2 protein chains.
Amino acid sequence: MMRGRAEETRERILAAAEECFARQGYDATGVAEICEQAGVSKGAFFYHFPTKQAVFLELLERWLAGLGERLAALRFGAATVPDALMQMAGTAQQVFEIARGKLPIFLEFMGQAARDPRVWQATINPYRRYRAFFAGMIEAGIAEGSLRRVDPDVAANALLSMAIGLVLQATVDPDGADWGQVVQQSVGMLLDGMRCTHENLSG
Amino acid sequence: MMRGRAEETRERILAAAEECFARQGYDATGVAEICEQAGVSKGAFFYHFPTKQAVFLELLERWLAGLGERLAALRFGAATVPDALMQMAGTAQQVFEIARGKLPIFLEFMGQAARDPRVWQATINPYRRYRAFFAGMIEAGIAEGSLRRVDPDVAANALLSMAIGLVLQATVDPDGADWGQVVQQSVGMLLDGMRCTHENLSG
DNA sequence: TTTTATATACCGACCGGTCGGTATTTATTG
DNA sequence: CAATAAATACCGACCGGTCGGTATATAAAA
């Protein structure tokens with residue numbers, strides 16, 4: 001019957017917090033506000049979470065885990081590595097549309113990570129996994145002959161930097177461009193410098 | 001002669017605020033704390049600035065103006081456009097060293113810009129100038145024959161995205177890499193996709 | 001003295017978190 | 001099954017403390 005009532009309350013708190021954090025930022029969002037939006041009392045809030053920061057951290061972990069899953073899923077859906085990367089860039093359009101207005105929480109995550117050691121720890125490990133993941137893809141691309149013999153770590157870093165920069169711009173200036181398209185163009189241009197062309201294949 | 005005593009107070013407040021914001025973030029920094037660090041009373045603070053946010057905004061404007069000047073200065077110091085861009089990337093090393101520990105304020109700026117309309121206005125205009133500036137450089141590069149016929153706007157966007165992403169990473173994880181070097185490698189890789197000739201010796 | 005500049009004391013709003021108590025669900029027992 | 005006990009989930013008033021900002025006093029300069 002009421003099985004999982006507590007669980008549902010937890011989820012409602014998390015959802016409300018996510019929305020508030022995205023709209024106003026972590027500090028500007030009061031616990032009372034989250035509770036009101038979740039239709040839950042303050043008592044319930046502190047029954048399910050020890051502190052406000054705990055909510056933030058759980059949100060962060062879910063977000064990072066979801067991102068990792070999505071990346072991994074797209075990894076094996078394309079024939080060649082450049083294709084896979086372009087396909088990832090292609091999904092950016094949908095991601096931006098879906099996440100519109102919810103994106104500022106990304107900034108919040110970064111900002112907290114730069115200062116709070118706990119948040120930093122929770123962020124940096126997935127981040128390094130992503131970097132290794134991309135480096136692995138580049139390596140595979142070189143092995144399959146679709147990419148030049150670039151340094152995989154450098155290329156992965158360049159790719160990640162661009163991705164981060166694009167997300168940031170889309171966050172701050174969502175109406176400034178068709179970011180979905182910009183992502184494809186930008187990544188495409190970066191890949192042009194890594195693709196294996198006949199001119200530079202054998203030196 | 002006490003000429004400029006008020007001016008010096010102002011500067012001390014700004015410097016103290018910059019340091020505090022960088023170390024703890026905007027919200028976590030109290031006016032009292034800024035005053036203490038500046039060796040100034042709260043009365044002096046609110047004599048020179050109407051609100052805490054006004055301090056933040058002036059800091060932001062100075063920062064953006066300084067960045068613009070530095071970019072413009074480097075524009076005409078190189079023979080070709082790719083050279084100029086690589087030279088800009090080269091200065092990143094110094095910038096990161098100098099700004100070490102002062103970089104988190106960049107995140108603060110972005111975070112506020114995503115939410116506060118006034119901060120957004122103060123940020124977006126310089127940002128668009130930078131984008132136009134880079135687009136102009138790319139165009140010049142094409143004209144001088146050192147770059148392929150890429151879309152200048154797209155290329156400028158890619159360049160800016162990468163720059164933003166790199167600064168962000170260096171902010172969150174300053175010890176995670178030799179960012180100065182990473183900047184050069186990443187920008188170099190992007191330029192490889194835009195260069196006209198393939199004289200690059202891939203390492 | 002009038003104006004400018006800095007200092008001190010203070011206010012009201014607000015915030016994260018606590019606490020004593022209540023409702024609801026689950027387990028136990030007759 | 002019903003009755004009861006125990007554990008779980010939730011409520012909302014309240015507290016200590018902080019914060020941005022103000023009011024007012026004082027010192028220096030013009």
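Bear in mind the structure is a predicted one, so any value in this text is a computation, not a measurement. In what follows, chains carry the letters A, B, and so on, assigned in the order in which the sequence lines appear, proteins first and then strands, with residues in each chain numbered from 1.
- With sequence neighbours excluded, the residues forming a side-chain hydrogen bond (donor to acceptor under 3.5 Å, both in side chains) with B:Q24 are B:T29, B:E33, listed by chain and number.
- Counting only residues at least two apart or in different chains, salt bridge (charged side-chain N to carboxylate O under 4.0 Å, His left out) contacts with residues 71-96 of chain A are absent.
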N/O donor to acceptor pairs below 3.5 angstrom from side-chain atoms of residues 38-48 of chain B, sequence neighbours left out:
unit_1, atom_1, unit_2, atom_2, d
B:S41, OG, B:G43, N, 3.4
B:S41, OG, B:A44, N, 3.3

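- Here ring-ring contact (aromatic ring centres under 6.0 Å, His included) pairs that include residues 163-192 of chain A, with residues two or more places apart or in two chains, number zero.
- Residues from residues 110-121 of chain A placing a heavy atom under 4.0 Å of any atom in DNA chain D do not occur.
- Contacts classified as salt bridge (charged side-chain N to carboxylate O under 4.0 Å, His left out) and involving residues 156-174 of chain A (residues at least two apart or in different chains) are given here: A:D173-B:R128.
- B:Q37 is linked by a side-chain hydrogen bond (donor to acceptor under 3.5 Å, both in side chains) to B:E19, counting only residues two or more places apart in sequence or in another chain.
- D:dT8 atom C1' lies 15 Å from atom CZ of A:R10, rounded to whole Å.
- Within residues 24-43 of chain A, the residues that place at least one heavy atom under 4.0 Å from DNA chain D are, in residue-number order, A:V40, A:S41, A:K42, A:G43.
- In the helix from C:dT1-D:dA30 to C:dG30-D:dC1, the rotation axis of the first five pairs and that of the last five pairs differ in direction by 0°, rounded to 10 degrees.
- For B:H48, counting side-chain heavy atoms from C-beta on, the closest listed nucleotide (C:dG16, C:dT6, D:dT22) is C:dT6.
- With rounding to the nearest 0.5 angstrom, the CD atom of B:Q112 is 6.5 Å from the CD atom of B:Q53.
- Taking atom CZ on B:R12 and atom C1' on C:dA7, their separation rounds to 14 Å, with Å as the unit.
- Between the P atom of C:dT3 and the OH atom of B:Y47 lies a distance of 12 Å, rounded to the nearest Å.
- At the phosphate of D:dC10, OP1 or OP2 sits under 4.0 Å from a side-chain N or O atom of A:T9.
- Among residue pairs with one or both ends in residues 87-100 of chain B, those qualifying as salt bridge (charged side-chain N to carboxylate O under 4.0 Å, His left out) are B:R100-B:D175; sequence neighbours excluded.
- Regarding A:F45, its CZ atom lies at a distance of 8 Å from the P atom of C:dG16, rounded to whole Å.
- Summarising the geometry, the separation between CD on A:E11 and C1' on D:dA9 is reported as 16 Å, rounded to the nearest angstrom.
- Atom CZ of B:F49 is separated from atom P of C:dT6 by 11 Å (rounded to the nearest Å).
- In this view, A:T171 satisfies the side-chain hydrogen bond (donor to acceptor under 3.5 Å, both in side chains) rule with no residue, not counting sequence neighbours.
- Qualifying side-chain hydrogen bond (donor to acceptor under 3.5 Å, both in side chains) partners for B:R131, counting only residues two or more places apart in sequence or in other chains: none.
- At a cut-off of 3.5 Å, with distance as the only test, a side-chain donor of A:S146 or A:E144 sits close to an acceptor on the other residue.
- If you check C:dG16, D:dG21, D:dC10 against the side chain of A:K52, the one that comes closest is C:dG16.
- Residue B:E7 contributes atom CD, which lies 15 Å from atom C1' of C:dT6 at whole-angstrom precision.
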